[in-house]
Enquirer: 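This is the structure I have questions about; it appears just below.
Residue numbers begin at 1 in each chain, while the letters A, B, ... track the order of the sequences.
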Protein chains: 2
Amino acid sequence: MKDQIAVFNECARRKGLKNTSQRTLILKAFLSSPSHYSTEDLYLKLRKNHPKIGYATVHRALKLFAECGIAVELDFGDGQTRFEPLTIGQHHDHLVCTECGSITEFSEPRIEELQEQVAAQHGFKIERHRHELYGLCSKCIGRG
Amino acid sequence: MKDQIAVFNECARRKGLKNTSQRTLILKAFLSSPSHYSTEDLYLKLRKNHPKIGYATVHRALKLFAECGIAVELDFGDGQTRFEPLTIGQHHDHLVCTECGSITEFSEPRIEELQEQVAAQHGFKIERHRHELYGLCSKCIGRG
DNA sequence: TTAGTTTCTGAATGTCAATTTCAATTTTCC
DNA sequence: GGAAAATTGAAATTGACATTCAGAAACTAA
């Protein structure tokens, strides 16, 4: 978390951005939870203690975090973009429960390797990828 | 293609839908091309020869095809949903060029297998998945 | 500290694709 | 042919994201 704040501050400095209490607030709330927040989610959470904060401010901050490389934008196809704090070197993909919406992370180097092979076969250079498995999580299978 | 029309007709019958010239037209245009159409794309293409056709009609037809299992909805994160004809048993994933937008299909059973292993480790039951590699296609690397 | 400059905030508004509405039309079935 | 039901397509609505703008706050230099 300290690393991420440092990275963000450096990025903000480079961009000539000012320090504002709102941005600090949003950054801390964002980093302090393992959640996969949509703008809406984080906005509603922050409003509880900071009723004056604006949706646009939260939205701009999250986009900024993504630009600075301390957040990744996720799209699980439900019409809402989610943001996840990015810990350097901790790439992972997601298991998304279609029943309860829970999100679990996974990482499988052998898949990444095969991906590279596939790309190489097509003369394709991978910049990024998206790999999501949708289905029922262990809890929802039980309830099934 | 005949299979898909048969599947669709059966699905339409079950749903108590009527046969209309527009839907037939849209279905044929959709199946007759390997493209990954957005509603907009297909609408514009159809309008050339059928100026009276409506956007909503095309949109409804494509959603219906997806419901009937002869099309899959794709979202490459560019703000437009694309539809691809689904040939039974021919699952594949996509390489998406971020430069020219070209879409190439790939299939790698070993990745599918590893996916299942990952899911099993988490007690997760996969219903569907999404796996996309974004980057530069061979043509765009050359132009680079 | 203070004046001056620049950025930021937040309410409101704009944008864009997806979706819905509804009156007119078409299909289906008797 | 005619009634009932579904479909069409223009227009309006929705919903998420993005932008605008006037006032507020943060920096900068003297």
Side-chain angles (χ1 to χ4, degrees), chain A residues 8-30 36-68 71-83 101, chain B residues 8-30 36-68 71-83 101:
Chain A
F8 176 71
N9 286 340
E10 167 58 18
C11 174
R13 197 189 56 68
R14 254 185 294 115
K15 286 172 180 276
L17 306 180
K18 295 180 175 175
N19 287 329
T20 67
S21 59
Q22 289 93 334
R23 210 137 57 190
T24 305
L25 177 70
I26 297 166
L27 179 55
K28 283 190 181 163
F30 177 63
H36 300 79
Y37 286 118
S38 65
T39 302
E40 181 78 12
D41 291 340
L42 190 53
Y43 169 63
L44 291 176
K45 182 182 174 188
L46 285 166
R47 265 230 312 210
K48 288 179 188 164
N49 294 316
H50 306 270
K52 292 262 208 99
I53 201 143
Y55 181 96
T57 303
V58 177
H59 173 255
R60 278 182 289 230
L62 287 172
K63 294 295 276 187
L64 183 58
F65 299 162
E67 268 179 49
C68 290
V72 253
E73 294 190 34
L74 304 174
D75 172 6
F76 296 140
D78 65 346
Q80 287 215 303
T81 300
R82 281 158 214 288
F83 293 83
Chain B
F8 176 71
N9 286 338
E10 167 57 19
C11 174
R13 197 189 55 70
R14 255 185 294 114
K15 286 173 180 275
L17 305 180
K18 295 179 176 175
N19 287 329
T20 66
S21 59
Q22 289 91 335
R23 209 137 58 191
T24 304
L25 178 69
I26 297 166
L27 179 56
K28 283 189 182 163
F30 177 63
H36 299 80
Y37 285 118
S38 66
T39 301
E40 181 78 11
D41 291 341
L42 191 51
Y43 169 63
L44 291 177
K45 182 183 173 186
L46 284 166
R47 264 230 311 210
K48 288 180 189 165
N49 294 316
H50 305 271
K52 293 262 208 98
I53 201 140
Y55 180 96
T57 303
V58 177
H59 173 257
R60 278 182 289 229
L62 287 171
K63 295 294 276 188
L64 182 59
F65 300 163
E67 269 179 50
C68 289
V72 254
E73 293 190 35
L74 304 174
D75 173 6
F76 297 139
D78 66 346
Q80 286 214 304
T81 300
R82 280 159 214 289
F83 293 83

Enquirer: Check whether any side-chain heavy atom of A:H59 sits under 4.5 Å from a side-chain heavy atom of A:Y43, and report yes or no.
Expert: no
Enquirer: Any Lys/Arg nitrogen of B:E10 or B:R14 sitting under 4.0 Å from an Asp/Glu carboxylate oxygen of the other?
Expert: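 B:R14 and B:E10: salt-bridged.
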Enquirer: Starting from C1' on C:dA11, measure out to CZ on A:R47 and report it in whole angstrom.
Expert: 13 Å
Enquirer: Would you mind reporting whether B:K63 and B:T39 have side-chain heavy atoms less than 4.5 Å apart?
Expert: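 A side-chain contact under 4.5 Å is absent here.
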Enquirer: B:Y43 OH to C:dA17 C1': how many Å, rounded?
Expert: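 Taking atom C1' of C:dA17 as the reference, OH of B:Y43 is at 14 Å.
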Enquirer: Assuming nearest nucleotide by heavy-atom distance, tell me which of B:R82 and A:K15 is located more 5' along DNA chain C.
Expert: A:K15
Enquirer: To the nearest angstrom, how far is B:Y37 atom OH from C:dA17 atom P?
Expert: 19 Å
Enquirer: For the pair A:Y37 and A:F30, name the ring-plane relationship: parallel under 30°, tilted 30 to 60°, perpendicular over 60°.
Expert: tilted
Enquirer: Under 4.0 angstrom, heavy atoms only, what part of the nucleic acid is A:T39 near: base, sugar-phosphate, or nothing?
Expert: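 Touches nothing.
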Enquirer: Specify the separation, in whole Å, of atom CD1 of A:I26 and atom C1' of C:dC8.
Expert: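 So the two atoms are 11 Å apart, to the nearest Å.
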Enquirer: Can you pull the contact range of chain A along DNA chain D, 5' to 3', using atoms under 4.0 angstrom from its heavy atoms?
Expert: D:dA16 to D:dC27
Enquirer: Identify the heavy atoms of A:F65 and A:I26 that sit nearest to each other, and give their distance.
Expert: CE1-CG2, 4.0 Å
Enquirer: Going by heavy atoms in the side chains, are B:R23 and B:L27 under 4.5 Å from each other?
Expert: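 Answer no - side chains too far apart.
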Enquirer: What are the two closest non-hydrogen atoms of A:D75 and A:G77, and how far apart are they?
Expert: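 Looking at all heavy atoms of both residues, the shortest contact is OD1-N, 2.7 Å.
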Enquirer: What is the nucleic acid contact for B:E40, judged by heavy atoms within less than 4.0 Å: base, sugar-phosphate only, or nothing?
Expert: nothing
Enquirer: Could you state the atom-to-atom distance from CG of A:L42 to P of C:dG10 in whole Å?
Expert: 13 Å
Enquirer: Find the distance B:D41:CG to C:dA17:P and express it as a whole number of Å.
Expert: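 My rounded result for the distance is 11 Å.
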Enquirer: For a quick check, with a 4.0 angstrom heavy-atom cut-off, what is the B/S/- contact string for nucleotides 19-30 of chain C, read 5' to 3'?
Expert: BBB-----BS--
Enquirer: Using every non-hydrogen atom in the two residues, find where B:T57 and B:Q22 come nearest and quote the distance to one decimal.
Expert: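 B:T57 and B:Q22 have their closest heavy atoms at CG2-CB, 4.1 Å.
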Enquirer: Without swapping roles, check the side chain of B:R47 against the backbone of B:Y55 for a donor-acceptor pair under 3.5 Å.
Expert: no
Enquirer: In whole Å, what is the span from the CG atom of B:D75 to the P atom of C:dA17?
Expert: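 Spelled out: CG on B:D75 to P on C:dA17 is 13 Å.
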